Asks: 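Have a look at this one.
Read the numbers this way: they start at 1 and go in the same order the structure lists the ligands and their atoms. Along the sequence shown, the residues carry numbers beginning at 1. These numbers come from a predicted model, not from an experiment. Values below: every heavy atom of this structure, side chains too, minus hydrogens, waters and symmetry copies.
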Amino acid sequence: MKQQLNYSWYFIEGYNETYLKKIPTLAEEIDIPHSVKMLPYNHFTELDYQGVFTYFKKFDCENFNEDFISILRFNGFMVNAKIYLNDVYLGEFVSGYIPVEIDVSKVIKKRGNYLIVVLSTIENKDVPPFGNVVDYMTFGGIYRGVELIQHVDKKYIVKTLVNANKDGEVNIKNLLSDSEIPYDLSYEIYLNENLIYKTNKDKFVIENAQLWTLKSPVLYTLKAILKTSKGVDEYVTKFGFRTAEFKKDGFYLNGKKEKLIGLNRHQSYPYIGYAATKSLQEDDANILKEAAGINVVRTSHYPQDEAFLSRCDEIGLLVLDEIPGWQYLSKDEKWRNQHYKNVYEMVKEDYNHPSVIAHGVRVDESQDDHELYQKSNEIAHELDPYRQTLGVRNFKDSECLEDIYAYNDFSCENITHGLDDPKTIKKGEKPYLVSECNGHMFPTKSFDNETRKIDHALHHAKTINDAFKYDDISAIIGWCAFDYNTHKDFGSGDRICYHGVFDIFRNRKYASYVYQSQSDDKPVMKVLCSFNQGDFDASIYRRIFVATNLDYIELYKGGEFVKKYAVKHNEFENMKHPLIEIDDLVGETFSDLRFSEKDRKTMSKLLTKVAFFGLNNISLIDKAIVGKMMLKYHLKYPDLVEIFNTYVVNWGGEAKTYEFKGYKDGKVIKTETFGPAFKNILDIQMSKSELVNADTYDMLRVSLRHIDENNHVFNYSFLPIKLETKGPIEIMGPKEFSLIGGQISFYVRSLNKKGEGIISISSPILNTKLTIKVS
Ligand code: GAL
């Protein structure tokens, strides 16, 4: 039996003994998930959310029975809390990123329970990741759900752990409460709500089990039924049949080798910090699977929300989970015991998720510590013998006690070098993966100039290329998915690490398309250039690439065919779907009949080279060819300028569009058009259209983009936006703001009422209303 305790709490900053008797009149009514402070987008410090805060909750126990065992479960608060129920001090508890369960059987009443949580959000040196600096913020609050779990008898199921493999074998292990009472355990297996199997054995085989794969992630349900003389206790969990294994030569899912391409994810959001509902967690998983097209995500650097993992299970996105920590290790007993507890809790909590393929038991980028990591590995292996452990380090000769050697390889040098050869790493016979790359080596804002954004994408492409070049790199996990708020020692001075391939609002940068183009899930074609020539230094484009999984591309300029481009031998040739280079912008459009047919071809190539690199930077041979052309056709420098202006720049001429057509199996699948913008469009996309109050309130993300008629974002638009709401909804964050680099998102939550919410959006280019049903 479960009772959710997430609505109608009271909250006040600070703590005073009188609060134990009475909720202070100044306390505000809030709902869980909750952040102790609504924060700005940037330029705030950790001190803004650190302090002591008091939460109050009055509730009746829906299924009260004096004999029941009642467990109060906090799924996550940051960081430690003194908890009182009905005037009884239950103790001080540490959560951070793991749940806290408290047996309140002796204290709970049928009516008028009074729960008080005195929360300290101050970085606690006894708890990882704290003790030194950390490159992420640890936002305070009761930021995950709170529930009351009840059992009819002293003997009950704490958790049923289930592993199922590709051969249909199911292995069950139950963590039972400590009690001598006789009991009887049996299991039921369901597929799509149909009972397909019943047994009282812990090991059995399901014939013809449908596998959990990335394309078709079939989920089964296991119901464990424990009977005692007092009644029935049940534990219900989803699971999937799959075998995941890292071997020396790569990663295998259900026996099939799969190159893993992924991103690291922080669980933080603008304004609300960690206090995100189920639907926002799901939104992130959806973005990673669909918009980034990746097949693996690393939960850097802590265990993440159950809802995020469940969504990964549902959509077929693999997960490398990870204990809390960042570089720092303490010799202190308390800190180390908390670390061990974190390992145990993470393995226990995440056990049933088929998406989770390895447990990260080493503090990210920490030094070697034989004792600490031997024990961490033991804890993980003992509880979960089926999953490999993983340890992330940032130096090459590290001792590896885990099953998988993971390395943060920040050696990328633009497009000349992506990753180090795994042979240069002392990893013995261990499977190897790159757990981070890029990130701080090339921070890029959505409002950076074109050259930087393109280079950012090319850095990621080059590392992906090298992951394919070295066959035994089983996975490459880029740093990182989304920009994030951070401490003063990191970031760009405004306390944001602009390391994401999406911005902090989950809107795209070019680099996100590079990842997406490696997936075959849907057709992708994105030209990595805006064709806003004046935004490039000296107006020269350098090289132009297209991130695509299509066969070839054709370019039309003002309707005239220019050239067909396909994959060729270059810096990206090892990628699963190499970037396609646009190496000629003039091609067959060069129609100056003064030149012979052969020389027209030569001229079109020369013109492109000048457009890409500038006249001064073309090679000596090309300069000599220019000279030859000038002599042969009696051309003076102004003639050359005129030719260049006609075929490349087209100053003052009739606006010409560049139209790229992407082909698959001989058919045009995607097009992208570039031309001077004449229209201002405010594009509005919602992560979902309805809000549903369930275990907690609900949230959605509304993404705003200022675009032209060809769906290109105006990256230097800082358009002002004003929001107003009516009905049972609230904006989480400012109601007046400007776009950041032509795009932003705002977040809407449901209030605990049914009805119709209306958001009025005002901007200089569009005034409109969104209607959101709240149920
Ligand atoms: C790594 C670290 C990450 C992040 C990243 C930035 O060293 O593991 O947490 O700080 O650098 O690129």
Asks: Who's the nearest protein heavy-atom neighbour of atom 4 (C) of ligand 1, and how far?
Replies: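 Here the nearest protein heavy atom works out to D135 OD2, 3.2 Å.
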
Asks: Run the numbers for me: atoms of ligand 1, each under 4.0 Å from some heavy atom of H499, listed by number.
Replies: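 Every atom of ligand 1 under 4.0 Å from some heavy atom of H499: 6 (C), 12 (O).
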
Asks: To check your reading of the model: name the closest protein heavy atom to atom 8 (O) of ligand 1, its residue, and the distance in Å.
Replies: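 Result for atom 8 (O) of ligand 1: D364 OD2, 2.6 Å.
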
Asks: Rounded to the nearest 0.5 Å, what's the gap from OG1 on T45 to CG on N485? Could you check?
Replies: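 Output value for this atom pair is 11.5 Å.
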
Asks: Does ligand 1 have a heavy atom under 4.0 Å from the side chain of F490, from its backbone, from both, or from neither?
Replies: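 F490 to ligand 1: no contact under 4.0 Å from either part.
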
Asks: Heavy-atom contacts with G439 under 4.0 Å: which atoms of ligand 1 show up? List them by number with element.
Replies: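 Close to G439: 12 (O).
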
Asks: Given H266, M441, H301, H440, identify the one with the heavy atom nearest to atom 9 (O) of ligand 1.
Replies: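 Considering heavy atoms of H266, M441, H301, H440, the nearest to atom 9 (O) of ligand 1 sits in H301.
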
Asks: So is F410 touching ligand 1 or not, going by heavy atoms under 4.0 Å?
Replies: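 It does; at least one heavy atom falls under 4.0 Å.
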
Asks: Indicate the ring-plane relationship of Y302 and Y274, choosing parallel, tilted or perpendicular according to the 30° and 60° boundaries.
Replies: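 Geometry flag for Y274 against Y302: tilted rings.
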
Asks: At under 4.0 Å between heavy atoms, is it the side chain or the backbone of N408 that contacts ligand 1, or both, or neither?
Replies: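 Under 4.0 Å from ligand 1, N408 contributes side-chain atoms alone.
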
Asks: Quick one: does ligand 1 sit under 4.0 Å from the side chain of E365, the backbone, both or neither, non-hydrogen atoms only?
Replies: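 Side chain only; the backbone of E365 stays clear of ligand 1.
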
Asks: For K278, does the NZ atom sit with more than 12 other heavy atoms under 6.0 Å from it, leaving out its own atoms?
Replies: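 Counting neighbours around NZ of K278, 12 or fewer heavy atoms of other residues, nucleotides or ligands fall under 6.0 Å, so no.
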
Asks: Tell me, please, whether Y340 has K375 positioned over its six-membered ring: NZ or CZ under 6.0 Å from the ring centre and within 45 degrees of its axis?
Replies: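 Output yes; distance and angle both within limits.
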
Asks: N438 to ligand 1: N or O pair under 3.5 Å?
Replies: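 Min N/O separation from ligand 1 is not below 3.5 Å for N438.
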
Asks: On a heavy-atom basis, I'd like to know which of R393, Q327, E436 is closest to atom 11 (O) of ligand 1.
Replies: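 Shortest heavy-atom distance from atom 11 (O) of ligand 1: E436.
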
Asks: Is the Y747 ring parallel, tilted or perpendicular to the Y271 ring (thresholds 30°, 60°)?
Replies: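 Rings of Y747 and Y271: perpendicular, as their planes differ by over 60°.
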
Asks: Does the side chain of R265 pick up a donor-acceptor pair with the side chain of Q304 at under 3.5 Å?
Replies: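 A pair is found: one side chain offers a donor N or O, the other an acceptor, under 3.5 Å apart.
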
Asks: At their closest point, which heavy atom of N264 faces which heavy atom of S300, and how far apart are they?
Replies: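 Nearest heavy atoms, N264 then S300: CB-OG, 3.4 Å.
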
Asks: For D403 and Q388, which I'm curious about, is there any donor-acceptor pair between the side chains at under 3.5 Å?
Replies: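 Note: D403 and Q388 side chains miss the donor-acceptor criterion.
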
